[in-house]
Structure formats: C-alpha cells, structure tokens
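Contents: one structure, followed by commentary.
The figures here come from the full heavy-atom set of this structure, side chains too, leaving out hydrogens, waters and symmetry mates.
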Amino acid sequence: MSSEIFDLPRPAIARERAEKLADEVFGVVGEAKELGSQQDRNFLVTASAGGSRFLLKVSNPVFTVEELDAQNRAMELLARSGLTVPAPTAASDGSTIATVDIDGRPHHVRLLSFVDGTPMIDFEHLAAGPVADLGRLAGAVSVALAAFVHPGLERELQWDLRRGEEVVASLLHHVPDEGRRELLADALETVSASLAPLTGLLPIQALHADLTDDNVVCTTDPAGRPAVAGIIDFGDTSYGWRVAELAVACTAVLHHDPVRPLAALPLIEAFDAVAPLTDAEIDALWPLIVLRGATLVVSGEHQVAIDPGNDYADTAREREWIIFETAARFDAATATDAIRRRLGRERPRPHFEPDHLLLPSLASAPLALVDLGYSSRTLRDGSWLEDPLGEEERILRETATGSGCAATRFGEARLTRAPARSATEPVNVALAVDVRLGARATDAIAPFAGELRELDDSLALVGEGWTLVIAGLASPRLGPVGAGETIGRAENALTLWLVATSAEAPLGSVPPRFVPGSEFFAWSGRFDDPGTVLGLRTRPDVPDSAGVLARRERSYDPLQGHYYVAPPQIERGWREHLIDTDGRHYLDMVNNVSVLGHGHPRIAAAAADQWRMLNTNSRFHYDAVARLSERLLATVPGSFDTVLLVNSGTEAVDLALRLTKAFSGRDDVLCVGESYHGWSLGADAVSTSVSDNPRAAETRPSWVHVTDTLNAYRGRHRGPDAGAAYAADTIAQIERLAAEGRPVGTFIAEPRNGNAGAIEVPQGYLAAVYDAIRAGGGVCIADEVQVGYGRQGDVFWGYQQHPGVVPDVITMAKAMGNGHPLGAVITRREIANALSSQGTFFSSAGGSTLSSRIGVTVLEIMADEGLQANALDVGTYLQLGIEQLGERHPMIGAVHGRGLYLGVELVRDRATLEPACEETAAICDRLRELGVIVQPTGDRQNVLKVKPPLCFTTESADFFIACLDDVLTRGW
Ligand code: PMP
C-alpha cells in the first residue's frame, strides 16, 4: 500500500496568503480565519463587503484536479436533489478549481460557499430524533449519488473501508498503548472473519464517505434540539461500499452516548427507509462500524505522529477511541440481531427442546420460581435498595429450603439490580437463570449431545446449534458427551445460559448475566430460556405497556391525559421513587399528593387494618371522624372551630363557595388570574388558568370576576412594591363592582399561586385585599389544596407566610390523604351554619371511617418523621442548589417557591423573560431519560414544577440538580 495515502500533512499556508488568494484568484476581499482539517488547509473567509462567508480550501497536493472536480460535481448533484451543500465559486478565469504554487509545489484551491450552522458534534447529547435525521440524510445522499460516475471517484484513500483491514494492520504500530493495540488486533480478526463471506456481495457506488457529526451542520428546532441543515466536506468523496456511507454515519453517534451502543438503531432504520439495505449489507454493517472505528483510531495516532502540531487530530483521538471501543465491545452477532429486528428482517431462530433434563432427580420436586421483578411481594419496603444481593440470596435460599429447588426467571427485569437515582438505564434484565438447590446435591446430566469445555471460569456444553453455559458445576467431565450422560455435580448453586451458536457465531466468553432492558430484544435473538433444561419456562409475562396504553386510550376518556407521549408503565413506588415495569427508578418530583412517599408501610397497615374493622359513613358515630376534625383544628388559630370532610380539592372548593355565597348572601366571587381550583361547575368557574382550561375566559359565568395575575417576576407590577400596587388595583376593582351593584361576597385565592409555578403572592397583597373584602361584607377563602400542609417547610399553612392574614375558610385535600381521596373545609360555625338554610350537607365517603383513619395517620406520620422540618431543610438545600445552577445556566430565569414547593422558570432571555416553552417540554422528556419525572406548569408551560414527596433527601436533591445540570450543559 502506497505511503502517499497515509503521509498527508496539511499544506503550509498562512492566513495572510489565504486572504490574498481569495482576493486575487476569486475576487473576494475579506478576512481569513483558519479552521481545522486533517489533511487540507481550510480558511473561513468573510467578505469585507456584504459579509458573505466562504470556505477557502487548499487541498493536499496529492489530490488531483480530477478528484476535486468529482467532489464539485457531487455537491451539484446533492444540491439538485434538495440538500444543502457548499457551492463552488468560479475563479476569475471561470474555473472552479485554481492552481497556485506553494513551496514550489502546485496546489489546488477552491472557494466554496460556507454552509451556516453548528456542526452536529457540538451537540453533546443527541436525541433519537436528530439521530434518525442523520440516517435519513445519509440515505438521501446514497440515493442521490447512486448513479454518479466520474473518473475522480477512483481513489486510493485510507478511508475506503474496502481496504480498511489493510489500513488498520499497517498503521496499528502507531498506537502507543499495548492494551489498545491488542483490542484493535482482536477486533480486526473478528471483523475479517465476519466480512470475508460478504465482501463480494456488497454493492459499490459513489459516496460522500465522511457523513459524520463533524460534517453535518445543524440549526436548532424551536425546542432547542439540533435540526439537520446541511452537509460539508466532500474531501473523501469516492467509490466505496454503499453500506459504508451508513457505517460511517453510525460511528458518529457512538461517542455521544457511549454507554448505549444501540443508540445508532434509529439512524439505521431511517437510512433503510430511504435506501433499503440488502441482506449482505445488514450483516456487514456492525463489522464495518467496528472497522471504521479502528481506522479512525489508527489513522488519528498516525496523523499525530507525522503532524505533531495538528490539534484537530490530537483532540479527536480520545473520541475516536470511544467510538471504536463502544462498537467493538458489543457482541457483533447481537448487534446484527438488533439491527435485523429493528428493520423487521429478523431470521427465525431454531426451536430448542432438550433431550434430557439437566437435573432429573429434581423432576419430582416442585421447582419454585422466585419473583425478583417489580411485581415481587417478597421484596418489600425498599429492601431491594438496602441490600439487593443479600435480598436475592435470602429469597432464593428460603424458597429452595421450602421447595427443594428455586430458580430465577429468564428475561426478568430485577428490582434488585436497579439502583435508585441512576441517570443511566439499569443493567438488570436477566440473560441467565440462577438455581439454588435445597439440601440435596445431585448429578447433572447433558441435556443434549455435545462437548463440555471450559469457558473462562465456567463450563460450556457446546452442541449442535446450541450452547449451554453452566457456572458452579462441580466435578465436571470435560470432553465429548452424549445426551443423558453425567457431566458433573450440582451441589448448591448454578447459573445457566442457553445460547444459539454455530461455527460462524461461536461463544467466545461467558455472556453477561444481565443486560439493559432496552437491549434485551436484541439479546433474545440468540439467548433462550435456560429453564427449559430444568423442564420449565421461567420467562415472566412481560407487560405489554404499549398494548395497555392502547386499551386505556380506547376505554378511558383521553381528556384525562397522561404524562409523556410514550410513558413508562409505573407499577411500583418507594419513598420519592417511582418504578416502572423494567425496574427503572425515577425520581418523583411531581407527586405533592404523596406527602409521606410511596409505599409507606405504616399507612398501608392502617388502611388494611381499618378495612378489616369497619368502613362506613359519617352519619354513624365513630371515633376517627372526631379525631381527624380535632387534629385539623389544632393546626389553625382559635377563630376556626368547624371542619367539613369531603373527597377532593374540587369538592372542598365547591363546598366552600356554597358556604360563602350563603353566608355573605352574595353571588359574586372574585378570583385570581392564572389559577386553578378544580373541575366542578363551581370550582371550574373560578379557575382562570388557560393551561388547564383554554376556554376559561369565554365560559366564565357572570358572577365570577378575575384579578390580574399576581406575579412580581413577569407580571404588570414587579419588584418589592408589587404587593401594594396589585392590592391597589384589586381594591379599585372591588369598589367598582360594588358601585355597579355587584358587591363581592367571596374572594378566593391560593396563598401562593401553585398552578402558575409556585409564584409568590406579593407581600402585603392578601392583608390589604382581605380587609377590603371584609369591609364590603365579603369573606375570604384560602385554597391550601396545593401549597398547604407543611410542604413549604417554614409554615404549615401557606397563608401563614403573609403576616396578619387569617382567612375565613380554608380548603384542603391532596396531601391530607397521601393519595387516598380526602378533603376538608375548615371554617367558623357561623359560616357553616349558613348552608343549613339551603338543606343538609352529606358526602357519602367524605369523613368515612377509613378516610378519617388515614387522615389521622398521615398527620401522625408527618409529625413522627419530622416531614415539615425535612421540607424546610431539604427544600432550602434544593432551592439553593438550583439557584447556583442558575449562575451557570442563563436559561434558569428564577427559582420560585419555598421548601419543597418550587417552580424553576425557564426563559430564553433574562432581559425580555421570553418563556422557553418548547424547550421546557423537551427538557422534561430528556430528564425522564435520565431518571427524573418532572413536568411543566403555568400558562406558558415554562416552569418546572418541583414538589416531591416530603421524605425527599439531600441525595435525591443532588441527583435532581446533577441531572438538570447535565441537560442544560449537554443538551436535550
Ligand atoms: N385547588 C387547587 C389549588 C389545586 O391545585 C387543585 C388540584 N390541582 C384543586 C383545588 C382541585 O383538587 P382535586 O384535584 O383534589 O379535585
């Protein structure tokens, strides 16, 4: 192989000379700035007149005019098919390629239009959408160049994967690290073996050949995600294997998310949709990705060796290693299975049936399967987080002792292998089955004929089409064995894998015991349930989440929407963690209802106990209703003496409105802008938030009057005097209404606007407005459904944050029952009595024995566990942490709220406060991928609502802050 294709230092030409060339050859006067390149010398030239931007490209002298002409033609072809690419500028003599002398050697120079945008590589995180866009783009390029022929495409390039094996072999010695060299050599061997039968079958055509994240430029979509805009750098344009275009693009994705090698699947799928792949191309793809990675590594090392000042090549080195390693370490046969499945082209797998059972002596004893997944009742009260492996062993042993033998389940997503607060998907889905024997050791029998070999620290029975891997087998009899012959002793514990193998796809090492849930579909192409050699199917029924969602959509009114387009199926919870059917733990930042946290054993025990004792309604005489009412009154000043119990916040608000209307004798109600109070006719009438009810204004009854939105951050009045200014406006409104003969009987407001994003009601406002309302003969309702009950830390009720303010009526729900339907109206007897003029009040389940018992228990647990104090401590810590993030991320405009009731407001510009609406939705989606459930709120949907269970810990606060930091730093 000629050394010319390797030794390509960049032409030596300085900035001043570049400016001169642009002027003298192409007639563009401007300023030049050098840009990176591995082998050419590139300058960005900005024209002094008009500011147009160009790329002055001085090609390495080894490249011929013919090659450069082929590149120019390829650009024209792609432009004609609608893609954005550089356009060559004609020199004064009309040609698009000029030749100049540099250091006594002719060099070819072109001036190309500059394609604006940010290289995709600058977006650290690539969501599946942009990854697929890259695949579509590569497919479109492939289709557009399919019929392109040109003598300048016949090139001898180190990037041509047809010669990739040769390139890697000859440059390998430049890799200084011995371990890396070995890994490269091993990978090369595997790749060569895989490609050998395929190379003759791979179609050849013209390629861009370097469609990487360096050479694809992007703009951003409205949500701030990269949007593919154009292609640059046609320096490697040549003939090659058509599938190489795709392999190259795939490698570009691997360093963005190195822990997820299959992140390239959306790219492959999108390419295939535009430019369908042949069978041989599919089989060659993963080996070619590995080969491209290896080529990048060796070539990068070599380039640094021959051109030590080339920073571009130098900084790329670590990234290139990650690309190679990510691809090479992933099982190639599994990767190909994954690609085939994703494209709907999987090959049928042979069916496995054992000739004999592995442990026949156990056939008569019941072999018990243990449940270590989300549905396990044996794993309780978060035990899987405290001592996960100890719990697994305990459950297996206890089951084995009771039943003689116990086994885990193939394909089960184990809770015990899924940590809380993990930004990456757990590696928790079992490829192997663990077996525990009770007291008896027993002979192990070959389930099929084969050869028993050592494989790492385990044994492999390699048969025709299948290999059974066994860890833990004593006294093995190595060598050929017939079906039914003894292969060793099972004494205590075994781990089994069952893998489809062949001469082309043998098993080189012991497979992983666990893989991530998102990869299981790929692994299950080769791996089958090893339980079959024990005579049973162990694979659990994996929930069909998409199917359940479809059933929900059909039978449950979609008006009752759900979070996320493709939501995780959440079936379990523990403290501030929500857990899906894959065992993934999400930090729950939104469940203010579950004050105590999920799965609280004490509340569960109280509920179960009460169900056994009695559950009836409050027309009967029992202790719990008196206890709950007394406990509630103990939290408020002496002016309150009466409690009414209902089932929800809506009911509490509706009832409160009936009380105050009856008491004041007036129909007119004043409520606050951008607020929410419930869904019933009455509660909805006073709800003004357009995000909850876009038609709120049009459907508002005439008895409802609305104040301005109270927001000292972005509202009409801002800063420290906002409270007085808003109060003056509202008082004027109250007076106007009175003058119009519609005096206000009720004023309803939250003491902090929860729905708008934990926005503070400006200080001084409530005191002044309450006075004005009362002076006019009205009464005041504080809706504490969202912000009360200790969540804000410094106070139990939200109104207590406003000195001198005491409402006439308090509405409460949500936290009161920790999710059990329970609400309350707390008021004075005289106000409650007014309702008697309109009949009796009874709500069948409100204040039931069970609800009251739960209400009391919630208050007891809150006190025993110091949850209000925790809200203050951890909430302050969390708020401070997010505010500190704001010092680095200008998008964080404000952190509203107090304690564990916060709102993180995201803005595009801190001066204009332009809300970052689309970004907020996209950020929530990305946070979910990182293991955090958080949602937007407010009329602009640009505030993250942060209101986790009150048992929230500083570790969880740290995790949330780290994830938010990650998203704002790396993108979403
Ligand atoms: N008031 C406020 C302030 C609320 O936030 C809500 C619910 N988000 C309600 C009342 C209604 O409560 P529920 O959903 O229990 O009916």
Side-chain angles (χ1 to χ4, degrees), residues 125 127-129 257 259-260 262-263 265-266 371-376 379 382 384-385 411-430 514-522 524 540-556 558 560-594 597-599 819 920-936 944-949 952 956 959-960 963-964 966-967 972:
H125 169 72
D257 258 318
V259 287
R260 293 176 49 230
L262 297 184
L265 288 182
D371 182 350
L372 298 172
Y374 74 92
S375 54
S376 172
L379 292 166
W384 65 91
L385 292 174
E412 177 175 75
R414 289 195 197 169
L415 265 191
T416 39
R417 304 279 167 163
R421 291 180 282 263
S422 168
T424 52
E425 187 188 4
V427 181
N428 67 332
V429 177
F514 299 96
V515 296
S518 67
E519 283 179 9
F520 184 72
F521 82 98
S524 61
D541 283 333
V542 180
D544 167 19
S545 288
V548 173
L549 191 65
R551 278 170 39 219
R552 170 185 166 134
E553 306 287 351
R554 273 198 301 276
S555 55
Y556 187 65
Q560 305 156 96
H562 55 75
Y563 296 141
Y564 307 112
V565 176
Q569 188 180 338
I570 304 290
E571 297 284 0
R572 189 124 193 202
W574 174 244
R575 292 179 58 91
E576 69 267 46
H577 311 290
L578 289 167
I579 301 160
D580 70 11
T581 46
D582 292 330
R584 179 89 195 258
H585 288 53
Y586 299 90
L587 200 59
D588 178 3
M589 302 304 288
V590 298
N591 258 296
N592 57 329
V593 176
S594 308
H598 301 285
T920 306
I923 285 169
C924 288
D925 284 345
R926 176 62 186 147
L927 280 167
R928 184 188 57 97
E929 289 174 354
L930 294 176
V932 176
I933 291 194
V934 64
Q935 287 292 310
L944 300 176
K945 53 176 151 184
V946 172
K947 42 180 195 169
F952 205 64
S956 290
F959 181 69
F960 175 74
C963 289
L964 187 57
D966 178 288
V967 176
W972 50 89

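For the pair Lys947 and Gln935, the minimum side-chain heavy-atom distance is 4.5 Å or more. A 4.5 Å side-chain heavy-atom check between Pro426 and Pro419 finds at least one atom pair inside the cut-off. You'll find the side chain of Val548 stays beyond 4.5 Å of the side chain of Pro543, heavy atoms only. No side-chain heavy atom of Asp582 sits less than 4.5 Å from a side-chain heavy atom of Val429.
Take Phe520 and apply the ring pair (Phe, Tyr, Trp, His ring centres under 6.0 Å) test, not counting sequence neighbours, and it matches Phe410. Scanning for side chain to side chain contact (heavy atoms under 4.5 Å, CB included) contacts around Pro568 gives Tyr564, Ile570, Asp580, Tyr586, Arg928, with sequence neighbours left out. The side-chain hydrogen bond (donor to acceptor under 3.5 Å, both in side chains) check on His585 picks up Trp384, with sequence neighbours excluded.
Looking at Glu425 and Ser518, their side chains do bring a donor and an acceptor atom within 3.5 Å of each other. Using modelled atom types, one finds no donor on one side chain facing an acceptor on the other under 3.5 Å when comparing Asp588 with His577.
Between Ser594 and His598, the closest heavy-atom pair is OG-CE1, 3.5 Å. Gly561 and Arg552 get closest at one heavy-atom pair: O-NH2, 3.4 Å. Minimum heavy-atom separation, Lys945 to Val590: O-CG1, 4.2 Å. When all heavy atoms of Arg584 and Gly931 are compared, the closest pair comes out as NH2-N, 3.3 Å. Pro266 and Ala128 make their closest contact through CB-O, 4.1 Å (heavy atoms, listed as atom of the first residue, atom of the second, distance). The two residues Ser376 and Leu379 have their closest heavy-atom pair at OG-N, 3.0 Å.
Atoms CG and CZ, from Leu930 and Phe959 in turn, are 7.0 Å apart once rounded to the nearest 0.5 Å. For the atom pair CZ of Arg417 and CZ of Phe514, the computed distance is 4.0 Å after rounding to the nearest 0.5 Å. Taking CZ from Arg572 and OG1 from Thr581, the interatomic distance works out to 13.0 Å, rounded to the nearest 0.5 Å. Atom CG in Leu385 sits 10.0 Å away from atom OG1 in Thr416 (nearest 0.5 Å). Interatomic distance, CG of Asp966 versus CH2 of Trp972, reported as 11.5 Å (0.5 Å rounding).
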*Candidate pair Leu549 and His562, rule side-chain contact (heavy atoms from CB on, under 4.5 Å), full reasoning*: CA-CA 10 Å; Leu549 191 65; His562 55 75; 3.8 Å; yes

*Report the C-alpha distance between Leu578 and Asn591 in whole Å, list the side-chain angles of each, state the deciding distance to 0.1 Å, and finish with yes or no for side-chain contact (heavy atoms from CB on, under 4.5 Å).*
CA-CA 10 Å; Leu578 289 167; Asn591 258 296; 4.0 Å; yes

*Test side-chain contact (heavy atoms from CB on, under 4.5 Å) applied to Met589 and Val932, step by step*: CA-CA 7 Å; Met589 302 304 288; Val932 176; 3.7 Å; yes

_Checking Leu587 against Ile933 for the side-chain contact (heavy atoms from CB on, under 4.5 Å) test, could you report, in this order, the C-alpha distance in whole Å, the side-chain angles of both residues, the deciding distance, and whether it holds?_
CA-CA 6 Å; Leu587 200 59; Ile933 291 194; over 6 Å; no

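In this structure, Glu576 contributes its side chain and Ser956 its backbone to no donor-acceptor pair below 3.5 Å.
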